[in-house]
Participant: 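Below is one structure. I have some questions about it.
Order of the sequence lines fixes the chain letters, A, B, ..., with proteins taken first and strands second; residue numbering starts at 1 for each chain. Every heavy atom of this structure was used, including side-chain atoms; hydrogens, water molecules and symmetry mates were not.
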2 protein chains.
Amino acid sequence: MSDCSCQREDQIKSPWENSNCNVVVTGASRGFGRAFCLKLTEALTKEPGAARSINMLLMARDLEALNQTKDQVVTSKAPKSPTKVNVLISRPGLDMVNISEPAARAALQPLFDLNPKDQLEKETQWNLLVHNAATIGSVVLRADERTSIASLENYYRANLLAPMIITGVFLSHFAPFGSNHPPLMVVNVSSLFAMQTCPFMSDYCVGKAARHMYLKTLSTDRPTVAVFNYSPGPLDTDMFNELMLDHADPNRRAWAENLKKSGGVLIPDESARICVSWLRRCHYNNSGDGDAMKLRPESVVCPIHQKEYMDIWTGTNLDYFDALAIEQALNKQLA
Amino acid sequence: MSDCSCQREDQIKSPWENSNCNVVVTGASRGFGRAFCLKLTEALTKEPGAARSINMLLMARDLEALNQTKDQVVTSKAPKSPTKVNVLISRPGLDMVNISEPAARAALQPLFDLNPKDQLEKETQWNLLVHNAATIGSVVLRADERTSIASLENYYRANLLAPMIITGVFLSHFAPFGSNHPPLMVVNVSSLFAMQTCPFMSDYCVGKAARHMYLKTLSTDRPTVAVFNYSPGPLDTDMFNELMLDHADPNRRAWAENLKKSGGVLIPDESARICVSWLRRCHYNNSGDGDAMKLRPESVVCPIHQKEYMDIWTGTNLDYFDALAIEQALNKQLA
């Protein structure tokens with residue numbers, strides 16, 4: 001075990017240390033999105049290795065709930081942190097079903113305004129886009145019953161095309177192609193159902209599989225950008241309740257209810273904590289020869305316990321339970 | 001090798017023997033679609049085990065080319081075959097970009113008219129829907145440059161939503177849920193790019209990954225229906241030429257050109273032959289207790305050489321090259 005570096009993780013310089021950070025989180029009004037914003041703020045404002053500043057842009061339709069997230073973000077800042085935290089709310093709330101390139105640009109504009117393009121190369125930045133917003137789709141129709149074009153289009157606009165378009169617009173500002181851009185990561189909140197099917201949930205399975213692959217193609221086309229597919233596990237959110245109450249299969253509803261009763265459904269905070277802890281592992285291989293195209297996000301992982309995740313920033317899926325098992329193995333070792 | 005049953009494959013009763021077959025092939029005007037129609041007709045009309053009749057409905061926008069396919073289908077019938085072959089052309093040509101439930105129904109209506117619903121349970125049928133139509137999408141834009149909502153919507157309508165809607169409408173007629181429906185198979189022409197990325201081809205990779213997952217969810221929701229994801233390999237078609245001539249990466253263009261020069265690009269006939277040969281392996285496990293919901297398509301595969309494909313009819317991917325390797329191993333054994 002001499003090559004195991006798990007115990008030295010805390011000594012790694014955080015990728016956001018002393019950086020001005022720009023963060024966008026979609027679906028930030030509740031559930032995992034809100035929890036992620038809080039855990040991220042905690043991590044980014046904590047010494048040693050705190051960020052210099054954070055501009056966090058929250059997106060969702062429900063502006064009242066976004067204001068609550070904003071208040072909670074401000075108070076989740078680490079005590080006595082030197083980090084300046086500025087929370088923005090995208091107004092009017094962006095409805096992903098009405099996505100378009102101009103709509104995405106308008107929603108991101110407040111963040112762009114704080115970061116004039118000609119200042120970007122002069123600043124030490126660390127930038128992050130989190131695709132969390134998602135809908136579960138139908139939980140009562142079989143795959144062969146999904147024949148309404150209007151309903152299908154709405155689903156894929158919100159769950160597939162919106163993430164694509166927002167990514168394109170975000171990158172065009174913070175990481176123009178060929179430029180010596182600051183470190184940038186795109187996180188996708190994925191699901192086990194991107195890989196395996198669930199009855200009466202073709203929308204969700206197909207949408208997640210497609211989003212997962214989109215992130216992989218993004219990594220192929222933009223290798224200087226880090227992309228991260230994270231499956232958060234079954235979370236105690238409105239979406240889980242929808243599955244538990246409305247799913248067409250009574251066995252599936254009973255399974256969900258039992259999982260909830262037995263404590264098998266995670267609080268979003270716990271899964272968000274694990275997700276954020278992995279962001280620390282992203283570093284840039286800077287060959288120093290000035291060729292922006294050669295920069296690569298590298299994974300700082302233990303070669304013994306995390307070797308399957310060497311290429312995690314190219315879209316490899318990380319599941320909450322796998323990440324937890326790694327953490328538990330480390331804790332056992334430390335005990 | 002005593003358990004190897006490869007050599008006994010020809011003795012298996014064909015699933016279409018003495019059946020009235022209804023077949024729909026999209027994108028039948030050229031390339032793999034046309035080749036598939038010809039190879040299928042050859043297989044279904046060949047004794048022993050020929051079909052009683054075939055109604056084959058061809059779909060594409062190019063009606064003139066469809067008429068050529070029709071003529072070729074008629075002449076590809078096995079000599080002295082007892083099978084009645086009837087080729088229909090969907091008019092007006094169905095443009096997948098304008099898909100809707102009524103449009104799909106109108107396109108399939110000629111086939112429905114030949115098969116009144118109240119006759120279905122009285123007839124021995126074998127029915128097949130082949131999703132072959134596809135477009136390559138952009139081969140010049142990076143994933144982060146795909147921000148035109150109109151262009152993205154057109155792509156996913158034609159390549160993802162159209163197959164979904166056509167499947168739903170086809171099944172509602174030939175395999176109503178809960179009915180004791182005749183054997184039905186849905187074939188998806190997939191791609192290696194459903195699993196791995198290719199630069200500047202996010203449309204194609206994401207579309208194929210999503211289609212692949214849709215077929216899997218279909219199998220989960222309709223376990224009595226056989227679903228087959230087949231990756232045909234690099235084919236000498238208009239789509240390959242598009243990649244070779246227009247792809248944004250000169251290295252990728254050169255790779256394609258070299259592959260073509262060196263004979264590494266397959267003629268569609270060869271790949272269609274392999275695809276059709278696998279259809280023979282689909283049989284129904286009929287428990288005979290009269291419970292339609294318990295019927296399952298079963299894979300007749302050799303437990304030694306094809307054991308990875310035991311569940312092939314639930315959407316497992318079969319790649320041309322893997323199928324060829326199996327065939328070659330068999331031929332070696334027979335030699």
Side-chain angles (χ1 to χ4, degrees), chain A residues 98-105 141-150 152-153 156-157 160-162 164-172 175 177 186 193-222 225 314-315, chain B residues 98-105 141-150 152-153 156-157 160-162 164-172 175 177 186 193-222 225 314-315:
Chain A
N98 296 319
I99 193 69
S100 69
E101 199 268 348
R105 195 166 291 281
L141 296 174
R142 300 183 312 270
D144 58 306
E145 290 177 296
R146 292 293 282 123
T147 55
S148 157
I149 183 73
L152 287 169
E153 286 209 308
Y156 291 101
R157 237 187 258 134
L160 179 61
L161 308 189
M164 290 175 170
I165 293 172
I166 292 171
T167 299
V169 173
F170 187 81
L171 264 65
S172 73
F177 182 70
V186 183
F193 293 141
M195 267 73 72
Q196 71 179 47
T197 62
C198 179
F200 299 101
M201 284 175 68
S202 62
D203 290 338
Y204 196 71
C205 295
V206 175
K208 288 293 186 189
R211 249 166 100 144
H212 187 122
M213 177 54 98
Y214 171 69
L215 269 268
K216 285 193 182 186
T217 64
L218 178 68
S219 164
T220 298
D221 286 346
R222 296 297 312 270
V225 170
T314 63
Chain B
N98 297 318
I99 193 68
S100 68
E101 200 268 348
R105 196 166 291 281
L141 296 174
R142 299 184 311 271
D144 58 306
E145 289 178 296
R146 293 294 282 122
T147 56
S148 157
I149 184 74
L152 287 169
E153 286 209 308
Y156 291 100
R157 237 187 256 136
L160 179 62
L161 308 189
M164 290 176 170
I165 292 171
I166 292 170
T167 299
V169 173
F170 188 82
L171 264 65
S172 72
F177 182 70
V186 183
F193 293 141
M195 267 74 70
Q196 69 179 48
T197 62
C198 180
F200 298 101
M201 283 175 69
S202 62
D203 290 339
Y204 196 71
C205 294
V206 175
K208 288 292 187 190
R211 247 166 103 145
H212 187 123
M213 177 54 96
Y214 172 70
L215 269 269
K216 285 194 181 185
T217 63
L218 179 68
S219 164
T220 298
D221 286 346
R222 297 298 310 271
V225 170
T314 62

Participant: What part of L171(B) lies closer than 4.5 angstrom to a heavy atom of chain A: side chain, backbone, both or neither?
Facilitator: side chain
Participant: Should I165(A) and L152(B) count as side-chain neighbours, where that means a heavy-atom distance under 4.5 Å?
Facilitator: yes
Participant: How many angstroms lie between atom CD of Q196(B) and atom NZ of K216(A), to the nearest 0.5 angstrom?
Facilitator: 9.5 Å
Participant: Roughly how far, to the nearest 0.5 Å, is the CD atom of E101(A) from the CZ atom of R146(B)?
Facilitator: 12.5 Å
Participant: Hey, is the main chain of F200(B) close enough, under 3.5 Å, to the side chain of D221(A) for a donor-acceptor pair?
Facilitator: yes
Participant: So how far is it from F170(B) CZ to T147(A) OG1, rounded to the nearest 0.5 Å?
Facilitator: 15.5 Å
Participant: Over all heavy atoms of both residues, which pair between T217(A) and A143(B) is shortest? Give the atoms and the distance, please.
Facilitator: OG1-CB, 3.7 Å
Participant: Is a donor from one side chain sitting under 3.5 angstrom from an acceptor on the other, for T197(A) and T220(B)?
Facilitator: yes
Participant: What's the separation between atom CE in M213(A) and atom CE in M213(B), rounded to the nearest 0.5 Å?
Facilitator: 11.5 Å
Participant: About how many Å separate CG of L218(B) and OG of S202(A), when rounded to the nearest 0.5 Å?
Facilitator: 9.0 Å
Participant: So which part of L141(B) gets closer than 4.5 Å to some heavy atom of chain A, the side chain, the backbone, both or neither?
Facilitator: backbone
Participant: Going by the rule side-chain contact (heavy atoms from CB on, under 4.5 Å), which residues pair with E153(B) if we only count those two or more places apart in sequence or in a different chain?
Facilitator: E153(A), R157(A), L161(A), I149(B), R157(B)
Participant: Applying side-chain contact (heavy atoms from CB on, under 4.5 Å), name anything that partners S172(A), two or more places apart in sequence or on another chain.
Facilitator: R105(A)
Participant: Evaluate the side-chain proximity of V206(B) to M164(A): yes if any heavy-atom separation is below 4.5 Å, no if none is.
Facilitator: yes
Participant: Side chain, backbone, both or neither: which part of A194(B) has an atom under 4.5 Å from a heavy atom of chain A?
Facilitator: backbone
Participant: Can you tell which part of Y214(B) gets under 4.5 Å to a heavy atom of chain A, answering side chain, backbone, both or neither?
Facilitator: both
